[in-house]
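Naming convention: chains lettered A, B, ... in sequence-line order (proteins, then strands); numbering from 1 in each chain. Hydrogens, waters and symmetry mates play no part in the numbers below; they use all other heavy atoms, side chains included.
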2 protein chains.
Amino acid sequence: MDEPAPQKGTVTQRAIERIKAMIREGRLEPGQRLPTERDLAAQLGISRSSMREAIRALTVLGVLEARHGSGIYVTQLEAGDLLETFGVVADLSRGQRLVELLELRRILESTATALAAARITPDQLAEVEKHLAAMNATDDPEQILAHDLAFHREIAAAAGNDTMAAILEGLSSRTFRARVWRGYQEEGAFERTRREHAAIHRALVAHDPEAARAAAAAHVGEVEEWLRTQLP
Amino acid sequence: MDEPAPQKGTVTQRAIERIKAMIREGRLEPGQRLPTERDLAAQLGISRSSMREAIRALTVLGVLEARHGSGIYVTQLEAGDLLETFGVVADLSRGQRLVELLELRRILESTATALAAARITPDQLAEVEKHLAAMNATDDPEQILAHDLAFHREIAAAAGNDTMAAILEGLSSRTFRARVWRGYQEEGAFERTRREHAAIHRALVAHDPEAARAAAAAHVGEVEEWLRTQLP
DNA sequence: AAGCCATAGTGGTCCGACCACTCCGGTCGT
DNA sequence: ACGACCGGAGTGGTCGGACCACTATGGCTT
């Protein structure tokens, strides 16, 4: 007789796959509440400890969300939820991979900015301009960084591809930018950054995708080139 | 007196951050072996159960690797290790997000193919041609899919950006492609796919980046357009 | 010298207990 | 009748200990 459990890998790994399969097959909908840890463990015939490890793993992946005292829920499974872990890559990368990440950002940011130039609405454009103005109105590096992030975030949102926006978000996480830009901006790059942002803005106003693509690529490319010179 | 533990979030979450910080600060090098679960738990003053959840979380993120009976090790922290979770996004996505993922792949694949056209070496080109020939020499859909994947994988590798290659790998995972392409190829798209692959190959041989970019974008775009028509 | 094997050490699993928090329904006061 | 309060039941979070499965090492046998 064939045993009911072929048993490959750890029980926790199997539990992770089981839950992912349930979601993939639609047996668990976004936002839905799961059975309790105790019940889930009993259903899969494993201990609560192992089930907790599986749940924790899916939690850090942005698939599940545990609410203390309430229950475990499936997230909305939106791009932002699932790609939050992308920031981990950016945070743990050093040396050559930082250049690769900036190259990736240059490709995506230029495309997103081009798409935004074609699609952006007056309301979205106003939001972009708000952060552009705030960025130019202060000398506090913290404020500048915050509005700089928001500036590009609004543009990415206007591009209409949530997945791309979520990845760009990860590639622009505070810790990532702080590490790379700290040195860059110390070299008096504020003025250049300001001009580049103005160029991007002009392209958006003109609804000129090609100009927007070029401006965004040049903007990120400047940092990318600088970073290359900083490597051994 | 200020207590030694401000205590924000769960102890497991704090343990995860602590370990990530150790890696970020270089106190843990790639490939290095960590203390035992028991020792780590004692160092951070938490139970072994909680520490195990933290380790499991970092394991699924591709940061750590647990070897039964041997110990816990930091991975090489290469793009492939850290971006393996990207496949989860592709696997759990449905509907509109599948289109967004294909749009993302079109952007990255076209850029990677353009870069490859400029940089590819004779050896790499021979590898690409091997899979191209194998793909055209069989009727087994499984074989075709496998060589199709390898064809694009070799091109992405020749582009020289491991991060981009790792993401493309996630966007082309077997389950993802199987889900999308099942219907697509049923519509007699084999011949069209064959011609598109030939066009990409010609551009690589000619070391013509612009032609390569266009051919790759058209190749992925075909599937993308088909998928759009399949949505409600 | 080569191979084998007992053993210590490690991660993997399970159990049971208790704590912290959320939620809901009943109770009390107004 | 209404609202604020409060208690308990249920849930995830944490802990400690026990045992199992596997690996690696060093001494022992051949």
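- Side-chain atoms of A/Arg48 come within donor-acceptor range of the base of D/dG13, with a qualifying N/O pair under 3.5 Å.
- Applying the ring-ring contact (aromatic ring centres under 6.0 Å, His included) test to B/His197 and every residue at least two apart in sequence or in another chain returns B/Phe151, B/His152, B/His219.
- In terms of phosphate contacts, A/Ser49 brings no side-chain nitrogen or oxygen within less than 4.0 Å of OP1 or OP2 of C/dC15.
- Between the P atom of D/dC22 and the CD1 atom of B/Ile72 lies a distance of 18 Å, rounded to the nearest Å.
- Between A/Thr12 and C/dT13 there is a side-chain polar atom (N or O) within less than 4.0 angstrom of OP1 or OP2.
- Between B/Leu34 and A/Ser47, the one whose closest nucleotide on DNA chain C sits nearer the 5' end is B/Leu34.
- Contact annotation: B/Ser50 side-chain N/O to D/dC15 OP1/OP2 distance is under 4.0 Å.
- Evaluation of the salt bridge (charged side-chain N to carboxylate O under 4.0 Å, His left out) rule for A/Arg228 yields A/Glu224, A/Glu225 as partners, not counting sequence neighbours.
- Judged as a ring pair (Phe, Tyr, Trp, His ring centres under 6.0 Å), not a single pair has a partner in residues 13-65 of chain A (not counting sequence neighbours).
- Distance A/Leu40 CG to D/dG13 P: 13 Å, rounded to the nearest Å.
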Q) If the sugar-phosphate is the primed atoms plus P, OP1 and OP2 and the base is the rest, what is the B/S/- string for nucleotides 19-25 of chain C, using protein heavy atoms under 4.0 Å? A) -BBB---

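- Of the residues in residues 51-58 of chain A, those lying under 4.0 Å from DNA chain D by heavy-atom distance are A/Arg52, A/Arg56.
- Residues satisfying the salt bridge (charged side-chain N to carboxylate O under 4.0 Å, His left out) criterion with B/Arg52, sequence neighbours excluded, are A/Glu53, B/Glu37.
- As rounded to whole Å, 10 Å separates atom P of D/dT25 from atom CZ of B/Arg33.
- Side chain to side chain, A/Thr121 and A/Gln124 meet the donor-acceptor criterion of an N or O pair below 3.5 Å.
- By the side-chain contact (heavy atoms from CB on, under 4.5 Å) test, B/Thr113 pairs with B/Glu109, B/Ile155, B/Ile200, B/Leu204, B/Ala212, B/Ala216, sequence neighbours left out.
- Take A/Ile144 and apply the side-chain contact (heavy atoms from CB on, under 4.5 Å) test, not counting sequence neighbours, and it matches A/Met135, A/Thr138, A/Phe190.
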Show the atom names and distances, to 0.1 Å, of all donor-acceptor pairs under 3.5 Å that link a side chain in residues 79-90 of chain B to residues at least two apart or in another chain.
residue : atom : partner : partner atom : Å
B/Asp81 : OD2  : B/Leu77 : N            : 3.4
B/Asp81 : OD2  : B/Glu78 : N            : 3.2

